[in-house]
Enquirer: 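Just dropping this structure here.
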Amino acid sequence: MELAKITSKGQITIPVAIRRLLGVKDGDKVMFVQDGNKVVMMNASVEALMEFQDSFRGVADDLGIESEQDVVDMVKEIRSDRSGTYVCE
């Protein structure tokens with residue numbers, strides 16, 4: 001358990017162990033999420049990435065993408081369609 005003292009301006013210093021656990025450094029943002037009667041502090045960048053990944057869940061299956069090579073092939077095809085030229089391998 002880590003403790004932090006709140007200043008008169010409502011500020012706290014996040015203990016080093018917690019900053020390391022969250023993977024945050026100077027200038028990073030943290031977010032506070034209420035979970036019942038608790039508040040959870042999270043690395044805002046990691047949470048945004050997780051939401052981004054969740055929003056794309058199932059898209060690969062819908063497009064028939066099974067491997068990294070499938071993605072590469074799809075990008076080549078899109079580039080070829082847009083430029084009107086053939087993309088050489």
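Here the structure is a predicted model, which is why all the values come from computation and not from measurement. Numbers here simply count residues along the sequence, with the first being 1.
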Enquirer: Who are the side-chain contact (heavy atoms from CB on, under 4.5 Å) partners of Gln11, not counting sequence neighbours?
Expert: Thr7, Lys9
Enquirer: Any chance CD1 of Ile12 has more than 12 other-residue heavy atoms, nucleotides or ligands included, within less than 6.0 Å?
Expert: yes
Enquirer: I'd like to check the side-chain contact (heavy atoms from CB on, under 4.5 Å) partners of Arg19; sequence neighbours left out, ordered by chain and number.
Expert: Thr13, Ile14, Val16, Val24
Enquirer: Determine which pairs satisfy salt bridge (Lys or Arg N to Asp or Glu O under 4.0 Å) with at least one residue from residues 28-42, sequence neighbours left out, and list them in order.
Expert: Lys25-Asp28
Enquirer: Checking one residue: Leu3. Which other hydrophobic residues are in its cluster under the side-chain 4.5 Å linking rule?
Expert: Met1
Enquirer: Give the other cluster members for Met42, using side-chain heavy-atom distances under 4.5 Å between Ile, Leu, Val, Met, Phe, Trp and Tyr residues; answer none if it is isolated.
Expert: Met31, Val33, Val40
Enquirer: Could you report the tightest heavy-atom contact between Ile65 and Val71, atom names first, then the distance?
Expert: CG2-CG2, 3.7 Å
Enquirer: Would you please name every residue forming a side-chain contact (heavy atoms from CB on, under 4.5 Å) with Ser8, sequence neighbours left out?
Expert: none
Enquirer: Holding to side-chain contact (heavy atoms from CB on, under 4.5 Å), I want the full list of residues that pass it with Glu2, two or more places apart in sequence or in another chain.
Expert: Pro15, Ala17, Ile18
